[in-house]
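Whatever order the structure lists ligands and atoms in, that order sets their numbers, starting from 1. Fair warning: this is a prediction, and the values are worked out from it, not measured in the lab.
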Amino acid sequence: MLHIPRVQLKADSARSRIYRYLYESREFCVKQTLAKQCDVSMPTLYQNLAELMEDGLVRYSGKEQSTGGRRAQGLEIVPDARYAVGISVMESRLRFSAADLRLNELAYHEAPFADIARLTEAVPRELDAFLDDRGLERKRMLGVGITIPGIVTPECDRIVMAPTLHLRNAPLLALAQDIPYPVYIVNDASSSGYAEWFACGESRNMAYLSLENGVGGAVLADSVPYGGDNGRSGEFGHICVEPGGLPCSCGRRGCLEAYCSARRITEELGVSPDDFFVGVERHEPAYETLLYDMLRHLAVGINNIHMALDCDVVLGGILSEYLQPYLPSLRRYVLAGNPFEPDAGFVRLSTLRKHTAPLGAALFFIREFVSGV
Ligand SMILES: [Zn+2]
């Protein structure tokens, strides 16, 4: 069944405040601190803690600390009290991640997948096998987030366009109907950005730019993903960085995706990103020329994104894994085109390396649960 997760930022019961404080605080926490931080009396705290413990959501941490003569026990949330599953639909495989409430990956699985026409059969079948094989209890599961490499309507009922899956205006409701859990369907780059934002843990606003065969992204504003009116926010791949330039998969010319995708490397040089960056390290002229052309156009795209959103721009996706040695050059290009910033520290590389799209899809259900306890 289709379900669009919502984060309840204003849930403000004592129970909710206590749980969220324990969830957000990574430090040793005793009852006295908890009562003070959550602004509740000790009797209220005891009553709510008893309920949270009975529900299996909170436990003693097993750590003790001296509080002036007495030893006090610490408290913590139970991370695996619930979990959510994320599924990435890719051109030739399905990727499954199960994540606990702290987004720790509990299990991962890849299944080959070739026939997009059979998506609605393949996903429920492989999901069942995944849950059985990994011994994941169904009653603790919050929901299933599914990522699609394309634009999905905000209602999750239709794929507007997914060039790598060769789909346009394709219905999605059958996919949700055949899965007996709450299902949310989201763009893969938006999902990866959400996971990255959560992993960073400190910045409220972030623009995420995913550099894969396609180029996409996500906007995280005030702690929630900003989807826009049509669910197309963060489609940074189709920002124009060179009017009249290289042809793009969207049918126009000069888009960021046409200049800064892994596909460009394969099409122009016939090599994988891995071989490409080896060639760049060896100073092969054609490879270096292409890399610096990509970096210059990437800098134009980054400046446009930063000018519009005024927040960190985090680079993710397969190409970001190779960019560390070239980050100083990229930042120099960015700075040359930016009239306001003293440095280009706002350009960062993703900290998450693996399974970002399925983990981000699971995160939608996790944050909904945590905000509603
Ligand atoms: Zn385009």
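Formation of a donor-acceptor pair under 3.5 Å by the N187 side chain with backbone atoms of A189 is found in this model.
A side-chain contact (heavy atoms from CB on, under 4.5 Å) with I148 holds for exactly one of V160, V89, I87, D188; it is V89. When the options R296, R253, H297 are evaluated for a side chain to side chain donor-acceptor pair (under 3.5 Å) with E242, the one that passes is H297.
Within the cation-pi definition used here (under 6.0 Å to the ring centroid, within 45° of the axis), R102 qualifies as a partner of Y23.
Classification of the Y19-F369 ring pair by plane angle, with boundaries at 30° and 60°, yields perpendicular.
The Zn ion (ligand 1) has H238 ND1, C248 SG, C250 SG, C255 SG as its protein N, O or S neighbours under 2.8 Å.
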Could you walk me through whether Y322 and D274 pass the side chain to side chain donor-acceptor pair (under 3.5 Å) check? CA-CA 8 Å; Y322 302 94; D274 223 22; 2.9 Å; yes
